[in-house]
Amino acid sequence: MNKSWPAGIAPFPGTPFARRLIDWQRHHGRHDLPWQTRDAYRVWLSEIMLQQTQVETVIPYYARFLERFPTLESLAAAPVEDVLARWSGLGYYARARNLHKCAQAVMTRHGGTFPADPTLLAELPGIGRSTAAAISAFSYGTRAAILDGNVKRVFARAFGIDGFPGTKAVENALWDLAEALLPERDVDIYTQAQMDLGATLCTRGKPRCGQCPLADGCVALRDGRVAELPTPRPKKAVPERHGRFAVIVANGAVLLERRPPAGIWGGLQSLPELPEDADTAEWVARRFGLTVTRVAPLPGLRHVFTHFVLHLAPERVEVAAGDGVRDADGLDWWPLDALADAALPTPVRKVLEALQRATG
DNA sequence: AAAGCGGGGGG
DNA sequence: CCCCCAGCTTT
């Protein structure tokens with residue numbers, strides 16, 4: 001309340017910033033997104049899915065997820081494997097593991113109801129300061145500031161804020177601004193307006209400044225700096241890694257191995273990873289107690305992560321029918337026609353779907 | 001091919 | 001606390 005206006009930042013001329021956004025939202029914002037309810041469970045689910053992921057991508061996942069987990073109770077009671085299976089393809093799978101933990105925490109700590117206080121929300125797994133504010137504003141009308149990528153971009157341009165928003169100093173300045181600009185009322189509309197303005201007008205490339213309600217006060221537009229703000233992340237070289245994966249097939253099923261709970265593709269089902277120098281047939285025979293009848297390379301795949309590039313080299317391994325697998329913990333023979341139900345990362349899904357198409 | 005997108009956890 | 005990590009889509 002009554003936060004002091006940040007130093008060196010000029011207020012918007014005439015109509016205040018928040019008023020402009022709220023007025024704009026009523027006519028030009030999005031009002032028909034499937035999670036625009038006051039149901040905190042649905043709001044929370046959407047906000048977690050929307051972390052690092054755009055609206056259009058989220059919509060089908062959101063629908064399929066709610067179909068399987070219609071209530072907080074059903075989600076909390078489900079095995080984490082089922083949660084990961086419905087998350088498969090969305091990426092950042094720690095979000096799904098935290099989502100599941102969070103559902104259980106809300107059941108035990110809060111009696112099955114999400115708290116309205118953003119501070120309490122932010123103590124739950126997977127919910128940080130911005131997500132907590134969004135959930136409480138949308139679900140309960142709480143007066144709390146968000147600061148997501150859209151807001152950072154709008155602020156950086158509108159107020160001419162230099163510096164990469166990932167650095168502590170710039171981020172602190174943006175949070176101060178977010179708090180100072182927060183309106184007294186209609187915070188839910190204001191919050192949606194910031195997201196919608198950033199997603200539909202003040203986009204990264206080709207922003208539509210001609211339609212922007214902030215145009216007459218926008219520092220970046222005035223100074224011809226729209227294209228250079230916000231300041232981009234400093235570039236860094238990404239290392240390359242190589243991985244060999246065994247595609248062990250028998251009787252129309254493939255052997256999947258659950259990955260360790262943390263790290264890349266944590267908790268997901270994947271293909272067994274071959275050691276760099278191992279002889280494929282020998283390693284598969286020893287590791288799984290299977291009799292290998294044939295090994296053949298499959299087309300490789302280049303998969304780009306933010307911090308490294310992974311070259312996947314899959315090898316098709318045929319084994320004698322009727323062989324059982326030794327050390328069955330975390331291992332599953334998965335029918336190729338049931339891949340839709342598997343908790344697979346996208347590149348592994350690609351490899352297996354190509355194989356399924358090839359073998360019919 | 002490069003950049004964008006919130007939060008968790010380790011050093 | 002700061003730095004690194006994670007996976008997909010869009011441009």
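Numbers restart at 1 for each chain; the letters A, B, ... are given by sequence-line order, proteins then strands. Keep in mind the model is a prediction, meaning the values are calculated, not measured. Below, each value reflects all heavy atoms present in this structure, side chains not excepted, and no hydrogens, waters or symmetry copies.
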Nearest whole angstrom, please: distance from the P of dA1(B) to the CZ of R233(A). 20 Å
Under 6.0 Å between ring centres, would you say that holds for W35(A) and Y62(A)? yes
dG6(B) P sits how many Å from N150(A) CG, rounded? 7 Å
Min side-chain heavy-atom separation P213(A)-L197(A) under 4.5 Å: yes
Give the rounded distance in Å between these two atoms: NE2 of H303(A) and P of dA2(B). 16 Å
Report which part of the nucleic acid I127(A) touches: base, sugar-phosphate, or nothing (heavy-atom distance under 4.0 Å, all strands). sugar-phosphate
Here the side-chain hydrogen bond (donor to acceptor under 3.5 Å, both in side chains) pairs for residues 159-168 of chain A, sequence neighbours left out, are D162(A)-R225(A)
Under a 4.0 Å heavy-atom cutoff, the residues of residues 130-138 of chain A touching DNA chain B are S130(A), T131(A)
Does some side-chain heavy atom of E315(A) sit less than 4.5 Å from a side-chain heavy atom of F245(A)? no
Using heavy atoms and a sub-4.0 Å distance, could you list which residues of residues 32-58 of chain A are near DNA chain C? By number, please. Q52(A), Q54(A), T57(A)
Might you point out which heavy atoms bring A105(A) and P125(A) nearest each other, and give the distance in Å? CB-CD, 4.4 Å
Distance in angstrom units between F164(A) CZ and dA2(B) C1', rounded: 14 Å
Consider the side chain of F308(A), meaning its heavy atoms from C-beta on, and name the nucleotide among dC8(C), dG4(B), dA6(C) that approaches it most closely. dA6(C)
Contacts of R258(A) that satisfy salt bridge (Lys or Arg N to Asp or Glu O under 4.0 Å) - sequence neighbours left out: none
Determine whether K101(A) and N98(A) make a side-chain contact, defined as any pair of heavy atoms from C-beta on separated by less than 4.5 Å. yes
Nearest-Å distance, CD1 (I146(A)) to P (dC5(B))? 12 Å
Tell me the interatomic distance from L310(A), atom CG, to dA1(B), atom P, rounded to whole angstroms. 16 Å
To the closest 0.5 Å, what do you measure between CD (E47(A)) and OG (S139(A))? 8.5 Å
When rounded to the nearest Å, what value does the distance between C1' atoms of dT10(C) and dG7(B) take? 22 Å
Nearest to the R204(A) side chain among dG4(B), dG6(B), dC8(C), which nucleotide is it? dG4(B)
If you assign each of P345(A) and K168(A) to its closest nucleotide in DNA chain C, which residue comes earlier from the 5' end? K168(A)
Counting C-beta onward and ignoring hydrogens, is there a side-chain heavy-atom pair between V83(A) and F65(A) closer than 4.5 Å? yes
Verify whether the ring centers belonging to W44(A) and F114(A) lie closer than 6.0 Å. yes
Side chain of P347(A) only, heavy atoms from C-beta on: which candidate in dA6(C), dG4(B), dC8(C) is closest? dC8(C)
Validation row: R287(A), E257(A) side chains within 4.5 angstrom (heavy atoms): yes
Ring-plane angle category for F155(A) and F159(A), please: parallel below 30°, perpendicular beyond 60°, tilted otherwise. perpendicular
Length of the CD-P vector between E123(A) and dG8(B), whole Å: 12 Å
Nearest heavy atoms of P275(A) and R244(A), plus distance in Å: O-NH1, 3.0 Å
Just wondering, do P260(A) and W265(A) contact through their side chains at under 4.5 Å, heavy atoms? no
Any idea which heavy atoms bring A246(A) and V317(A) closest together, and the distance? CB-CG2, 4.4 Å
Between dT9(C) and dG8(B) - C1' atom distance, rounded Å: 23 Å
Pick base, sugar-phosphate or nothing for K206(A), based on heavy-atom distances below 4.0 Å to the nucleic acid. nothing
By the 4.0 Å heavy-atom rule, please label G205(A) as base, sugar-phosphate, or nothing. nothing
For Watson-Crick and G-U wobble pairs within 3.5 Å on both distances, what is DNA chain B written in dot-bracket notation, | included for inter-strand pairing? |||||.|||||
Whole-Å distance, L301(A) CG to dC8(C) P, equals 11 Å
Sub-4.0 Å heavy-atom contacts from residues 87-100 of chain A onto DNA chain C, ordered by number: G89(A), G91(A), Y92(A), Y93(A), A94(A)
